[in-house]
Amino acid sequence: MISQNPMAEFRSECLKALTSSLEKVFPDRSFEQLNFAKPPVFEFGQLASSICFEIAKETCETPLQLANRIVESMDKAAFSLIEKVEVAGGGYINFHINFDKFSAIVIESARQLNENYGLIKVEKPQRIIVEHTSVNPVHPIHVGQARNPMLGDSIARLLSSRGHVVSRHYYVDDVGRQTAVLAYGYNKLGRPKPAEKPDHFLGKIYTITSCLVEIKRLKKELEAARALNKEDETPRLQREIDEWISVAAELKEKYPQLFDELLQKISEDEDPEKAINELNRAYEAGEEKARALIREVSQLCLEGFRETLTRVGVTYDSWDWESEFVWSGLVGKVLHMLKRTSYVFMQGGVLEFDANKVVRDLSLWSKLGLREGYEIPSLTLVRADGTTLYTTRDIAYTIWKFGRAEKCINVIGMEQSLAQMQLKVALYALGYWRQADNLVHFAYNLVTLPGYKMSSRRGRYIAFDDVIEEAIRRAYEEVSKRSPNLSEEEKRQVSEIIGIGAVRYALIAVDPAKPVEFKWDKVLDFERNSAPYIQYSHARACSILRKAARKPERASYDLLREKLEREIVLAIAEFPEVFIEAADMLKPNIIAEYANALADKFNTFYNAFPVIKAEPVELSDARLALVDAVRIVLRNALNLIGIFAPERM
RNA sequence: GGGCCCGUGGCCCAGUCAGGAUCAAGGCGCCGGCCUUCGGAGCCGGAGAACGUGGGUUCAAAUCCCACCGGGCCCGCCA
């Protein structure tokens, strides 16, 4: 017998047993929603019901007496996967699995379904767009931002394995000030061909340009403040100038040649700030020269991103250029639609969206998870110079996405929660109720550096490429030390897999709501509770199977009597349910935890019992099959979070 | 000032949304063992926790409710 989801079979048998017994004991009462919990320890059985504590309130019996009556009236003859039912504690009903049967089903199911084991499909697949990464193409991706593609890609893998039709989108933010700043500096330099990875090269140009322009702007502001005798403004401005000057000193130190060149070229300009704003305006207007320049820079930067992300196993189905939505008139159309609602007003020359009025009129508080009466700030839609803002364009983009999917998941840092909420409110205001309900902001917390705050504008960050490089370097050292027999080629391949796995694992294993503190030793961990540890356990399993050099054809699963063996069988049986929860609740981290826990059990087993040399051969074969099943589940779990499972390492 | 998120042994972290049972699960570090088998990136044992504080709900609270304290983020004609 083969089962897609063995634990669900056992659960449904328990439910049937409990329900029919309850009907006998309480003919007049109906019971809805009977839940089973996993008992704290294996000896208490594998599923438990605490229903008696609830019913006891309505009767004069104690939970214990009730539990005894219910268990007594169960039809034991109908048990198949249930070995026995016991009353325990103050009135729990504990269901024990019949492992003689169950082990056979679980192990054979995992082995036969193989790469499909655990990946239960939904009944009604949806078209889902997962938008993730979307780093502005003005500097290399840094570790802080890298958490995004790791989470986004894992979510996409989970949903796709769940049977949904998933499309991975990268939203290229080429409209806006930052890109204009970079393009301005790049143009000043005469559009040089990068001699290094393009995003790293452009990152330097962006930071230096941004810094120089900022200093110039602040100095002008300071002069103006002095001229107008605004004494209260000057100290703040002076402080800001000082700070940027120290950033400039850092940059000059790091990139002397590039710095001097940009300083000289930018000094020639009377008002760089104005030039940048003009470039931004021209680009939004779709003017040819601006288009050519900004697209060239952005494309160049994205080449670098693509290289980085492909290396860690992240790819996209669509690269959506923000500018397209402006040029195609979609943003304008959406603005037009918004203007026709009663939720838009002019204030000081800018167009504002009154999100709060929408929330009040439509009573959206509970939908947005807010306290009733909370006032949500308004959103500026259009600048005084007629250019649009990020969130405005995002409204158009979101509507576009919903033309292609029923559900949209935006993987975006939690610092953008308010903007994402305003975006959602705008959809409600426009009458896109279904879409708004299906717009998910998958928020995650930051990656922090112990010493200082990461700031891409100040050029203070650790590039993701450097982290990957370092991870692979350390993995190589480790592999060379531990597996000197591997060929040079194999060592390189394996260290790439291990290094990248370690990084991916570190960035997704913690709850996304919590911040990750970036420490090299933590991210590049090769000990327990890490990708390398799980990969190692997988390689060990492969090694046993290789050494055995036979198929486990005479396995007698009822010989798997050890508690540890049964715990492993149980863990394997639970994998499909863990997967369903991870996919439906968007929780990639529980896959990481699960894989780690299974690897723990497997290593303990490995240490405690012989497999190949076990006697009799029926037991040896059963253990071999168990090892094979563990191998399959570890690999499937790792693959769900984008980590390869090597057979040797 | 308002909103959102987080607070679990020296450090990191699971469990909190769907409340349950013996010691609140792991990891790092620390102490002591295992070079006996199939890979020591491993295994076994030990010390170490008022689950931020105070109330409340419940037969039962790390988990739900209220208040407070501490930390982060946001409240821009940035993204």
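Keep in mind that the numbers below use all heavy atoms, side chains included, and drop hydrogens, waters and symmetry copies. Everything quoted here is computed from the prediction, not taken from an experiment. Numbers restart at 1 for each chain; the letters A, B, ... are given by sequence-line order, proteins then strands.
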Just by distance, no angles: are the side chains of D320(A) and Y397(A) close enough, under 3.5 Å, to form a donor-acceptor pair? yes
Checking V425(A), L335(A), V331(A), L381(A) against I395(A) for side-chain contact (heavy atoms from CB on, under 4.5 Å), the one that qualifies is L381(A)
Does a side-chain N or O from R371(A) land closer than 4.0 Å to OP1 or OP2 of rG2(B), or not? no
So Y390(A), base contact, sugar-phosphate only, or nothing? Heavy-atom distance under 4.0 Å. base
Hey, does S50(A) reach any base, or is it just sugar-phosphate, or nothing, if we go heavy atoms under 4.0 Å? base
M421(A) CE to rG2(B) P, straight-line distance once rounded to whole Å: 17 Å
In whole Å, what is the span from the CD atom of E352(A) to the P atom of rC75(B)? 14 Å
Which ones in residues 613-622 of chain A lie close to RNA chain B, meaning a heavy atom under 4.0 Å from one of its atoms? K613(A)
With sequence neighbours left out, what residues match D584(A) under salt bridge (Lys or Arg N to Asp or Glu O under 4.0 Å)? R162(A)
Which of rA21(B), rC43(B), rC38(B) is nearest the side chain of N603(A)? It is rC43(B)
Quick check, are the ring centers of Y533(A) and F526(A) under 6.0 angstrom apart? no
Report which part of the nucleic acid F526(A) touches: base, sugar-phosphate, or nothing (heavy-atom distance under 4.0 Å, all strands). base
Are any of the side-chain nitrogens in K563(A) or E565(A) under 4.0 Å away from the carboxylate oxygens of its partner? no
L446(A) CG - rC5(B) C1' separation (whole Å): 11 Å
Would you kindly say whether T387(A) and D385(A) are connected by a side-chain donor-acceptor distance under 3.5 Å? yes
Taking the six-membered ring of F602(A) as reference, does the cationic atom of R540(A) (NZ for Lys, CZ for Arg) lie under 6.0 Å from its centre and within 45° of its axis? no
R648(A) vs S417(A), nearer the 5' end of RNA chain B by closest nucleotide: S417(A)
Closest to the Y374(A) side chain, choosing from rG2(B), rC73(B), rC77(B): rG2(B)
Sugar-phosphate only, base, or nothing, as touched by P39(A) at under 4.0 Å among non-hydrogen atoms: base
Please classify the nucleic acid contact of L418(A) as base, sugar-phosphate, or nothing, using heavy-atom distances under 4.0 Å. sugar-phosphate
Categorize S483(A) for me: base, sugar-phosphate, or nothing, with a 4.0 angstrom heavy-atom threshold over every strand shown. base
Short side-chain donor-acceptor distance under 3.5 Å, N603(A) and S537(A): yes
Assign A56(A) to base, sugar-phosphate, or nothing according to its heavy-atom contacts below 4.0 angstrom with the strands shown. nothing
Please state whether the phosphate of rG26(B), meaning OP1 or OP2, lies under 4.0 angstrom from any side-chain nitrogen or oxygen of R528(A). no
May I ask you to decide if I376(A)'s main-chain N or O and N356(A)'s side chain share a donor-acceptor pair within less than 3.5 Å? yes
Candidate nucleotides rA21(B), rG3(B), rA41(B), ranked by approach to the side chain of R482(A) - the nearest: rA41(B)
Answer yes or no: is there an ion pair linking E322(A) with R393(A), defined by an N-O contact shorter than 4.0 Å? yes
Counting only side-chain heavy atoms from C-beta out, which of rG26(B), rA41(B), rA21(B) sits nearest to M649(A)? rA41(B)
So what does R474(A) hit on the nucleic acid, given a heavy-atom distance under 4.0 Å: a base, only sugar-phosphate, or nothing? nothing
Going by atom types only, do N94(A) and E86(A) share a side-chain donor-acceptor pair under 3.5 Å? no
May I have the distance from R550(A) (atom CZ) to rC38(B) (atom C1'), rounded to whole angstrom? 11 Å
Between H96(A) and F44(A), does the ring centre distance come in under 6.0 Å? no
Pairs counted as Watson-Crick or G-U wobble with both distances under 3.5 Å: what dot-bracket string results for RNA chain B, using | for bases tied to another strand? (((((((..(((.......[.....))).(((((.......))))).....(((((..]....))))))))))))....
Residue pair Y206(A) / V138(A): nearest heavy atoms and the distance that separates them: CB-O, 3.2 Å
Going by the rule salt bridge (Lys or Arg N to Asp or Glu O under 4.0 Å), which residues pair with R177(A) if we only count those two or more places apart in sequence or in a different chain? E273(A)
Please state how far atom NE2 in H441(A) lies from atom P in rC73(B), giving the value in whole angstrom units. 16 Å
In whole Å, what is the span from the CG atom of N94(A) to the C1' atom of rA21(B)? 8 Å
Do S134(A) and E131(A) have side-chain atoms, one donor and one acceptor, less than 3.5 Å apart? yes
Side-chain donor-acceptor pair under 3.5 Å between R383(A) and T392(A), yes or no? no
Sub-4.0 Å heavy-atom contacts from residues 376-388 of chain A onto RNA chain B, ordered by number: P377(A), T380(A), R383(A), A384(A)
Toward the 5' end of RNA chain B, by each residue's nearest nucleotide, K38(A) or P63(A): K38(A)
Could you measure between the two P atoms, the one in rA25(B) and the one in rG71(B), and give it in whole Å? 30 Å
Under 4.0 Å, heavy atoms only, any strand: does G348(A) hit a base, just the sugar-phosphate, or nothing? base
Which is true for A48(A) with a 4.0 Å heavy-atom rule: it touches a base, it touches only sugar-phosphate, or it touches nothing? base
What does nucleotides 6-18 of chain B look like as a protein-contact string, B for base, S for sugar-phosphate only, - for none, at under 4.0 angstrom between heavy atoms? SS----SSS-BBB
Atom-pair distance (CD on E527(A); C1' on rG26(B)), nearest Å: 14 Å
Describe the nucleic acid contact of A539(A) in one word from base, sugar-phosphate, nothing, applying a heavy-atom distance below 4.0 Å. base
Specify the separation, in whole Å, of atom CG of N596(A) and atom P of rG27(B). 9 Å
Quick one: label V479(A) by what it contacts on the DNA or RNA (base, sugar-phosphate, nothing), any heavy atom closer than 4.0 Å. base
